[in-house]
Protein chains: 2
Amino acid sequence: MNDPLTAFPGYSLRRAAHASSSELANRLAAIGLRQSDASVLMLIGANPSATASALGRHLAIQRANMVPLLKRLEDAGLIERAPIDGKSQGLALTEAGQDRLAQARQTIESFEEELFLRIPAEHREHLLPALEAIWR
Amino acid sequence: MNDPLTAFPGYSLRRAAHASSSELANRLAAIGLRQSDASVLMLIGANPSATASALGRHLAIQRANMVPLLKRLEDAGLIERAPIDGKSQGLALTEAGQDRLAQARQTIESFEEELFLRIPAEHREHLLPALEAIWR
DNA sequence: AGCGATTGTAGTTGATCATAACAATCCCCG
DNA sequence: CGGGGATTGTTATGATCAACTACAATCGCT
């Protein structure tokens, strides 16, 4: 079939992101996490007592959309909130959260490594800088 | 903020795809199209009398999800269907569809060019092959 | 003639994102 | 110190995209 789309980097970008994203989502589902859950766990793990707003800003997740996400993690006993002042709350991992994060990290790291290795060697080192130029 | 995610190609891939995708969606919305609409128009334009199933296979859109998409395009008077045999139908652009496709093509091509130019020169030629290695 | 595969369709579900609105609180400047 | 603009968490709602199941009709091949 004649295909005018695959020559476009933007189109290929979407297809590649979708493919890799759904693969990772599958693997994370095996430990009961979504990608956004895992991202938030990773970020809280690296930044204890960060606020929901700050995490959202950094992950490009709207404040409003953080609410059900954090509620899910809290209901699952993975995170807990501690008031910082009257309006902000610091987020931290519970012990269960740290365990789950370890699993998530393992899942993500091996996934990312496989992904990286699928790229022909001569292009590998160019991918990340090229992508960052697009969204940073 | 300490960020363990941006070093991952997969994460950066999702962020870049989301950024570029929503930008393109905005521009296409100005001519009344979604990205999937535009993709389908492009593909029909390059492959007259292709079937819905064939398009879907090529674009990685499930047969079932092509239905509302094609209905939208047909209701907008952009495509028409001609029975090939008892169960297949060939899709073709109407005149309005060809006009709209021309606009879409213009929009997409200038978008893709801008996108391409945002990538530092030394990485540009590596992006497409790297992406294709991921999803092809 | 018949059986497996394909096609189009309908309906439902879930995930992700965007947006608007609101009350409570914070922070800074006059 | 007081007040106004900004920030925070939250509720609610809608749009988009994508996955799944199921079904009837038809095709293609043996």
Side-chain angles (χ1 to χ4, degrees), chain A residues 1 11 13-29 32-40 44 49-75 79-91 135, chain B residues 1 11 13-29 32-40 44 49-75 79-91 135:
Chain A
M1 171 164 303
Y11 178 77
L13 183 57
R14 253 169 293 145
R15 290 292 296 268
H18 182 256
S20 105
S21 197
S22 63
E23 165 66 18
L24 177 59
N26 272 342
R27 301 199 194 180
L28 285 175
L33 292 178
R34 303 182 189 174
Q35 299 184 66
S36 41
D37 296 342
S39 306
V40 168
I44 296 179
S49 85
T51 68
S53 290
L55 294 182
R57 263 190 303 272
H58 202 263
L59 293 169
I61 300 177
Q62 317 280 316
R63 237 172 37 250
N65 294 329
M66 293 291 291
V67 175
L69 200 168
L70 292 177
K71 176 167 186 350
R72 198 168 47 235
L73 293 178
E74 190 178 26
D75 288 350
I79 64 171
E80 53 194 3
R81 325 192 191 204
I84 293 182
D85 55 28
K87 75 173 174 183
S88 299
Q89 37 189 272
L91 301 171
W135 67 272
Chain B
M1 171 164 304
Y11 178 78
L13 184 57
R14 253 170 295 146
R15 290 292 296 266
H18 183 255
S20 105
S21 198
S22 63
E23 165 66 17
L24 176 59
N26 272 342
R27 300 199 195 179
L28 285 175
L33 293 177
R34 303 181 189 175
Q35 299 184 65
S36 40
D37 296 342
S39 305
V40 168
I44 296 180
S49 83
T51 68
S53 290
L55 294 181
R57 264 191 302 272
H58 202 262
L59 293 169
I61 301 178
Q62 319 275 318
R63 236 173 34 252
N65 293 330
M66 293 291 290
V67 176
L69 200 168
L70 292 177
K71 178 167 185 351
R72 198 168 48 235
L73 293 179
E74 191 179 25
D75 288 349
I79 64 172
E80 52 195 4
R81 325 193 191 205
I84 292 182
D85 56 26
K87 77 173 172 181
S88 299
Q89 37 188 274
L91 301 171
W135 68 272

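Lettering of chains follows the sequences in order, A, B, ..., and the numbering in each one begins at 1.
In this entry the distance linking CZ of R57(A) with C1' of dT8(D) reads 9 Å, nearest Å. Taking atom CD1 of I84(A) as the reference point, atom C1' of dA24(C) lies 16 Å away to the nearest angstrom. Residue L59(A) contributes atom CG, which lies 13 Å from atom P of dT16(C) at whole-angstrom precision. Nucleotide dT16(C) holds its P atom 13 Å from the OH atom of Y11(B), rounded to whole Å. Between L33(A) atom CG and dA15(C) atom C1' there is a gap of 15 Å when expressed in whole angstrom units. Following rounding to the nearest Å, L69(A) (CG) and dT10(D) (P) show an atom-to-atom distance of 12 Å. In this structure, D85(A) atom CG and dT8(D) atom C1' are separated by 9 Å, rounded to whole Å. Here dA15(D) presents its C1' atom at 16 Å from CG of L28(B), a figure rounded to the nearest Å.
Between H18(A) and dA19(D) there is a side-chain polar atom (N or O) within less than 4.0 angstrom of OP1 or OP2. Side-chain nitrogen and oxygen atoms of Q62(A) include none within less than 4.0 Å of the OP1 or OP2 phosphate oxygen of dC17(C). Contact annotation: S88(A) side-chain N/O to dC26(C) OP1/OP2 distance is not under 4.0 Å. Between dA15(C) and S36(A), no contact under 4.0 Å exists linking OP1 or OP2 to a side-chain N or O. Phosphate contact (OP1/OP2 of dT10(D), side-chain N/O of R81(A), threshold under 4.0 Å): present.
Distance from the side chain of S53(B) is smallest for dT7(C) among the nucleotides dT9(C), dT8(D), dT7(C). Between dA10(C), dG9(D), dA22(D), one nucleotide has an atom nearer to the side chain of R63(A) than all others, and that is dG9(D). When the nucleotides dT9(C), dA24(C), dT7(C) are ranked by their closest atom to the side chain of K87(A), dA24(C) comes out on top.
With hydrogens and angles disregarded, a donor-acceptor distance shorter than 3.5 Å links the side chain of Q35(A) to the backbone of S21(A).
With contacts defined as side-chain heavy-atom distances shorter than 4.5 Å, the pair L69(B)/R72(B) qualifies. Two residues are said to be in side-chain contact when any heavy atoms from C-beta on lie closer than 4.5 Å; E23(A) and R27(A) meet this criterion.
Nucleotides of DNA chain C nearest to N65(A) and Q89(B) differ in position, and the one nearer the 5' end is that of Q89(B). Of the two residues near DNA chain D, S22(A) and R34(B), the one whose nearest nucleotide lies more 5' is R34(B).
Looking at heavy-atom distances under 4.0 Å, A64(B) makes contact with a base.
In terms of heavy atoms, L55(B) sits closest to M66(B) at CB-CE, 3.9 Å. Listed here is the closest heavy atom pair of R81(A) and Q89(A): CD-OE1, 2.6 Å.
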